[in-house]
Number of protein chains: 2
Amino acid sequence: MFRSSGCADPEFAQHTIRNRKDIHSISILRTFQRDQHIFECDQHCDWWYRIVSGATRKYRIRSDGRRQIADIHLPGDFLGFSSKANHGFSVQAIVEGTTIACYPRKTAEALADSDPTVARLIRVSTVAAIERLEQQMLVVSTMSASERVKAFLVHFRNRVGQAGEDGLALPITRYDIADLLGLSTETVCRAFTDLRERGAISLEGPRQVTIIRPGNG
Amino acid sequence: MFRSSGCADPEFAQHTIRNRKDIHSISILRTFQRDQHIFECDQHCDWWYRIVSGATRKYRIRSDGRRQIADIHLPGDFLGFSSKANHGFSVQAIVEGTTIACYPRKTAEALADSDPTVARLIRVSTVAAIERLEQQMLVVSTMSASERVKAFLVHFRNRVGQAGEDGLALPITRYDIADLLGLSTETVCRAFTDLRERGAISLEGPRQVTIIRPGNG
DNA sequence: CGGAGACTTGAGGGCGTTCAAAAGACGTGG
DNA sequence: CCACGTCTTTTGAACGCCCTCAAGTCTCCG
């Protein structure tokens with residue numbers, strides 16, 4: 001939009017060239033081990049992040065010591081935005097060798113200010129996070145244990161995008177699922193068993209699930 | 001940033017003038033009756049909205065007929081963003097005479113593209129919504145009924161911003177609170193009674209609450 | 001082969017839901 | 001101003017789901 005302008009002002013011309021910089025060019029790639037922190041809850045928000053490969057969990061430890069997982073991030077997701085100075089959540093790698101692109105916040109914000117494409121990318125990404133959270137809330141606040149687990153499996157499969165095959169390799173433990181769905185580990189296990197016995201899913205292994213009936217039943 | 005440029009190109013100059021338009025100048029003010037819809041879940045996302053006065057609820061009807069409230073919007077909040085063509089939620093006025101500024105989506109997006117201030121405003125607003133939802137999720141998925149109601153009251157008081165006085169006039173019914181917290185109406189009532197008996201709150205009337213002890217206890 | 005972590009299953013109790021009923025609050029019209 | 005109907009709020013009793021505690025099995029990896 002701006003770049004199509006035939007402006008002769010050198011300062012502006014230089015600016016448009018700076019704008020041409022892809023957001024990826026200002027990023028630093030980092031690799032994380034399993035359970036290694038990308039950032040912690042009391043840390044200052046100096047970076048934005050994008051998952052390149054692997055997965056992360058966004059969580060918080062409640063005053064009673066229990067862990068609450070607010071979101072799971074998969075490749076393509078942006079995270080690390082905050083309206084306050086500190087994140088209120090910690091983010092941890094779930095799988096070994098999770099790769100993350102890190103963007104210096106000030107530079108990225110300046111880029112978002114000058115490049116509408118970047119601003120739009122951020123906007124779409126945050127809106128997607130909102131919709132994910134709203135969906136998650138619906139699941140957590142109104143569904144039974146089995147329904148929650150099934151909704152999680154269906155939602156997760158849709159996100160990893162294996163639309164054709166229903167075989168799903170879960171990168172996360174029952175503990176993670178429990179903390180994400182607001183259930184106990186035992187209840188999650190019982191829900192898996194229940195869904196298997198009712199023919200909604202089949203288990204080739206604890207982490208290898210096939211969704212047979214995605215709908216109700 | 002762009003506007004400080006001394007560019008002589010007329011097209012660009014005209015553009016900068018367009019950029020000067022405040023986002024509020026492209027809005028239409030509308031007033032809604034109680035329970036009137038701002039938009040419904042299957043409606044096309046042609047507008048963005050900002051609450052001017054009153055309050056709205058963002059909700060969805062589950063397949064079993066139960067209603068789930070995902071968020072309450074108060075003056076200053078932006079809403080209506082979606083990454084898809086349709087909203088997945090309906091939004092309704094809670095109080096009589098709720099006033100809302102409506103922005104034509106395409107115009108607003110173009111404005112966000114050209115004016116970093118607007119883009120930043122939208123970004124901050126969506127990030128605030130994310131943080132609200134994450135907080136809400138924490139409440140819904142790990143707290144007991146009384147804790148949820150108390151957390152709701154404290155959170156709500158902070159949002160309406162009556163920091164000095166603890167007297168709080170609730171614009172919403174027990175039914176709304178129940179659907180927001182994932183509880184039944186009866187349980188919400190019992191939680192109010194419980195909190196009153198334990199001295200955490202006092203009730204001058206069903207809708208008039210004073211928070212005595214915001215912390216635990 | 002041994003150990004640690006992940007997963008599964010069982011029994012009992014607490015908390016929230018459902019069903020039922022009544023009291024309170026509020027606006028409307030006489 | 002009061003009577004009336006409707007919506008909201010409150011309380012009670014019984015049931016059911018999920019949590020907790022406990023024990024055992026499976027799986028992976030050194």
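Residue numbering restarts at 1 for every chain, and letters A, B, ... go by the order of the sequence lines. Bear in mind that the values here come from a model prediction, so they are computed numbers and not experimental data.
At whole-Å resolution of the value, CG in A/Asp35 and P in C/dA6 are 9 Å apart. Atom CG in B/Leu183 sits roughly 11 Å away from atom P in C/dT18 (whole-Å rounding). At whole-Å resolution of the value, CG in A/Leu203 and P in D/dT25 are 20 Å apart. B/Gln208 places its CD atom 16 Å from the C1' atom of C/dC26, with the value rounded to the nearest Å. The CD atom of B/Glu204 sits 16 Å away from the C1' atom of D/dT9 (whole-angstrom rounding). Residue B/Leu195 contributes atom CG, which lies 15 Å from atom C1' of D/dT10 at whole-angstrom precision. Atom CZ in A/Arg174 sits about 13 Å away from atom P in D/dC28, given to the nearest Å. As a whole-Å value, the separation of B/Leu181 CG from C/dT17 P is 10 Å.
Judged by distance alone, the side chain of A/Arg213 and the main-chain N or O of A/Arg198 form a donor-acceptor pair under 3.5 Å. In this structure, B/Arg105 contributes its side chain and B/Cys45 its backbone to a donor-acceptor pair below 3.5 Å.
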Cut-off 3.5 Å, no hydrogens considered: what does the side-chain donor-acceptor table look like for residues 64-77 of chain A, sequence neighbours left out?
{"from": "A/Asp64", "atom 1": "OD1", "to": "A/Arg62", "atom 2": "NE", "distance (Å)": "3.4"}
{"from": "A/Asp64", "atom 1": "OD1", "to": "A/Arg66", "atom 2": "N", "distance (Å)": "3.0"}
{"from": "A/Asp64", "atom 1": "OD2", "to": "A/Arg62", "atom 2": "NH2", "distance (Å)": "3.0"}
{"from": "A/Arg67", "atom 1": "NE", "to": "A/Asp179", "atom 2": "OD2", "distance (Å)": "2.6"}
{"from": "A/Arg67", "atom 1": "NH1", "to": "A/Asp176", "atom 2": "OD1", "distance (Å)": "3.4"}
{"from": "A/Arg67", "atom 1": "NH2", "to": "A/Asp176", "atom 2": "OD1", "distance (Å)": "2.9"}
{"from": "A/Arg67", "atom 1": "NH2", "to": "A/Asp179", "atom 2": "OD2", "distance (Å)": "2.9"}
{"from": "A/Gln68", "atom 1": "OE1", "to": "B/Ser141", "atom 2": "OG", "distance (Å)": "2.9"}
{"from": "A/Gln68", "atom 1": "NE2", "to": "B/Ser141", "atom 2": "OG", "distance (Å)": "3.3"}
{"from": "A/Asp71", "atom 1": "OD1", "to": "A/Arg132", "atom 2": "NE", "distance (Å)": "3.2"}
{"from": "A/Asp71", "atom 1": "OD2", "to": "A/Arg132", "atom 2": "NE", "distance (Å)": "3.4"}
{"from": "A/Asp71", "atom 1": "OD2", "to": "A/Arg132", "atom 2": "NH2", "distance (Å)": "2.8"}
{"from": "A/Asp77", "atom 1": "OD2", "to": "A/Leu74", "atom 2": "N", "distance (Å)": "2.9"}
{"from": "A/Asp77", "atom 1": "OD2", "to": "A/Arg159", "atom 2": "NH2", "distance (Å)": "2.5"}

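Comparing C/dG16, D/dT11, D/dT20 against the side chain of B/Ser144 picks out C/dG16 as the nearest. For A/Arg207, whose side chain is taken as the heavy atoms from C-beta onward, the closest listed nucleotide among C/dC7, D/dT9, C/dG16 is C/dC7. Nearest nucleotide to the side chain of B/Ala145, out of D/dC18, D/dT11, C/dG16: C/dG16.
A salt bridge does not link A/Asp194 with A/Arg190: every distance from a Lys NZ or Arg NE/NH1/NH2 to an Asp or Glu carboxylate oxygen is 4.0 Å or more. A salt bridge is absent between A/Asp115 and A/Arg120; no separation between the charged side-chain nitrogens and carboxylate oxygens falls under 4.0 Å. Under the 4.0 Å criterion applied to side-chain N and carboxylate O atoms, B/Arg60 and A/Glu134 are not assigned as salt-bridge partners.
At a threshold of 4.5 Å between non-hydrogen side-chain atoms, the residues B/Phe81 and B/Ile122 count as touching. Under the 4.5 Å side-chain criterion, counting only non-hydrogen atoms from C-beta, A/Leu121 is in contact with A/Phe78.
For the OP1/OP2 pair of C/dT18 and a distance below 4.0 Å, the side-chain nitrogens and oxygens of B/Ser184 include no atom meeting the criterion. Residue A/Thr187 places no side-chain N or O under 4.0 Å from the OP1 or OP2 atom of D/dC18.
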N/O-N/O pairs, protein side and nucleotides 10-13 of chain C side, under 3.5 Å:
{"from": "C/dG10", "atom 1": "N7", "to": "A/Arg190", "atom 2": "NH1", "distance (Å)": "2.9"}
{"from": "C/dG10", "atom 1": "O6", "to": "A/Arg190", "atom 2": "NH2", "distance (Å)": "3.2"}

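For the helix from C/dC1-D/dG30 to C/dG30-D/dC1, the end axes, each set by the C1' atoms of five terminal pairs, are bent relative to each other by 40° (nearest 10°).
Other residues, nucleotides and ligands contribute more than 12 heavy atoms inside 6.0 Å of the CZ atom of A/Arg196.
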